[in-house]
Amino acid sequence: MRYISSRGKSPTVSAAQAIINGIAPDGGLYIPENKPSASEEDFIKWAPMPYQGRAEDVLQRYLTDFTPAEIEHCVQGAYNQTNFDHAAVAPLIELSPQLHILELWHGPTSAFKDMALQILPYLLTTSMNKTGENNQIAILVATSGDTGKAALEGFKDVEGTSIVVFYPAAGVSAVQRLQMVTQTGANVHVAAVEGNFDDAQNGVKRIFSNQDFIARLASAGVKMSSANSINWGRLLPQIVYYLSAYADLMQKGSIAYGEKVNIVVPTGNFGNILAAYYAGEMGLPLGRLICAANANNILTDFINSGVYDRNRPFYKTISPSMDILISSNLERLLAEVSGRDSVRLNQWMQQLADVGRYKVTDLVREKIQRVFWSDYGNDEETISAIRRTWEQYQYLVDTHTAVALHVYERYQDKTGDANTAIVASTASPFKFASSVAEAILPEAIRRGKDEFSLIRFLSEWTGIAVPMGIRDLDKRAVLHHVTTSPAGMQDTVADLLKL
Ligand SMILES: *Cc1c(COP(=O)(O)O)cnc(C)c1O
């Protein structure tokens with residue numbers, strides 16, 4: 001299978017080359033030329049299989065230039081019991097017969113980004129071997145908080161690579177920041193950006209498209225790539241867990257093959273929900289894809305109106321990994337639903353760059369609305385969803401997952417849809433402990449306690465163990481101190497990579 005650029009002005013490439021390039025030379029995102037399918041027989045076959053077997057089967061359909069042995073090496077290296085603290089890797093937890101939580105945070109950094117970023121380094125180094133790439137690969141990452149740490153964990157000390165992570169200085173939680181600045185490894189770099197996530201992401205995109213800088217790197221034997229969800233190698237592993245969740249529902253007898261499920265995803269950069277869309281395109285029997293946003297509800301407005309308009313205030317919320325106004329992966333969805341009309345797509349993306357706004361055609365909007373439904377929740381509603389879920393099910397969710405649960409309740413109120421639902425749970429509650437504590441612990445207990453005392457208290461109060469990657473984080477040495485303006489990001493890369 002070949003991969004094409006959403007913008008239609010780059011040559012088609014193999015999967016290996018798409019993963020190495022990250023972004024296409026014309027600034028577009030790689031999409032698979034055709035869509036592999038998942039049939040009833042496939043789901044029946046997957047139902048009794050472990051996660052690793054399902055993953056190998058799905059990846060092989062997209063990575064046709066990889067041998068089965070190479071795919072097995074990637075999957076077994078990533079999804080094992082050293083990296084994941086749950087044997088099922090991505091377990092599906094039943095809250096009620098109609099409501100299932102897909103826990104995607106059992107990896108080393110306690111957020112769903114591990115599902116892709118544990119395997120991406122294997123996919124990338126395998127791709128480099130296959131294509132005879134002999135440059136050093138420098139991974140550049142802009143993070144809203146969770147991608148950075150997950151990428152650092154995935155790429156630390158991986159031969160032939162180095163990694164630079166940019167995070168918004170005031171836009172990440174205490175745990176997220178400490179997870180990054182205490183990162184060990186000989187090839188890892190972390191810098192704070194004075195700005196928000198969009199500033200960091202735009203800065204990285206500018207560096208990727210600066211031909212002079214690319215040439216300068218090339219003369220030093222370095223090639224840049226991306227670990228953000230613009231990289232197909234990031235998105236693909238996420239398709240697996242939705243197919244896997246459906247197979248789990250069949251295996252548990254909760255549904256029979258063919259019964260439609262709704263999938264609810266707390267959304268920021270549109271990567272996770274796009275993976276669910278691809279799973280649906282492959283053949284997962286899909287009812288509605290519910291796109292849950294926080295106060296930065298640009299995607300809700302877009303799905304309901306067909307107008308994408310980033311000229312709006314940016315809010316800092318208690319679900320910081322969704323504080324995003326430019327959702328990169330929406331470009332892939334637009335390419336798919338417009339029938340890969342790259343002329344239109346270039347116009348929209350140009351308008352987004354020029355005036356921060358574009359409007360899709362009615363046909364494209366209707367096609368999107370046939371699959372997607374969207375609403376949002378504010379901080380107060382998020383806190384109250386955490387509390388209600390705890391009281392009703394004795395199940396503890398983080399702030400992002402709570403946004404999804406809140407929006408799903410809205411959806412059911414408005415539509416009466418009684419399909420079985422899979423809610424993507426994107427982070428451990430301990431990663432956002434102060435908000436979770438606010439929701440379920442009495443004020444008298446919380447008063448005067450810092451983030452890390454709250455984590456310990458929350459664990460005692462609920463009887464839930466703190467994940468390894470968060471335990472004792474406050475006792476680790478801070479190793480990274482660099483801060484940069486958005487304009488200084490390129491020089492920072494040059495400094496850190498010693499060019
Ligand atoms: C990244 C992230 C999201 C948003 O996912 P996208 O793929 O960017 O839409 C939601 N929740 C958490 C905890 C995250 O880390």
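Numbering of ligands and ligand atoms starts at 1, following listing order. The shown structure was predicted, so the numbers you read here are calculated from the model rather than taken from an experiment. Heads up: numbering here begins at 1 and tracks the sequence.
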For the pair [X] and [Y], find out whether any cationic side-chain nitrogen is under 4.0 Å from an anionic carboxylate oxygen.
X	Y	result
Arg456	Asp474	yes
Arg61	Asp57	yes
Arg410	Asp375	yes

The side-chain contact (heavy atoms from CB on, under 4.5 Å) partners of Glu94 (sequence neighbours excluded) come to Pro97, His100, Ser254

Identify, for [atom], the protein heavy atom at the shortest distance, and state residue, atom and that distance.
atom	answer
atom 6 (P) of ligand 1	Asn269 N, 3.5 Å
atom 2 (C) of ligand 1	Lys113 NZ, 2.4 Å
atom 4 (C) of ligand 1	Gly268 N, 3.5 Å
atom 10 (C) of ligand 1	Pro266 O, 3.6 Å

CD-OG distance between Gln201 and Ser328, expressed to the nearest 0.5 angstrom
3.5 Å

Hey, is ligand 1 close enough to [X] that some N/O pair sits below 3.5 Å?
X	value
Ile324	no
Phe270	yes
Thr426	yes
His400	no
Asn272	yes
Asp398	no

Would you check if there is a donor-acceptor pair between the side chains of [Y] and [X] at a distance under 3.5 Å?
X	Y	value
Lys156	Gln183	no
Trp105	Ser425	yes
Thr300	Ser374	yes
Asn269	Asn228	no

Can a non-hydrogen atom of Thr267 be found less than 4.0 Å from any atom of ligand 1?
yes

Ser229 near ligand 1 by a heavy-atom separation under 4.0 Å:
no

Have a look at ligand 1 and work out which part of Phe112, if any, has a heavy atom under 4.0 Å from it: side chain, backbone, both or neither.
side chain

Under 4.0 Å to a heavy atom of [X] - the qualifying atoms of ligand 1, by number:
X	result
Gly271	6 (P), 7 (O), 9 (O)
Asp146	12 (C), 13 (C), 14 (C), 15 (O)
Ala427	13 (C)

Residues passing the salt bridge (charged side-chain N to carboxylate O under 4.0 Å, His left out) test with Glu336, sequence neighbours excluded, are Lys35, Arg340

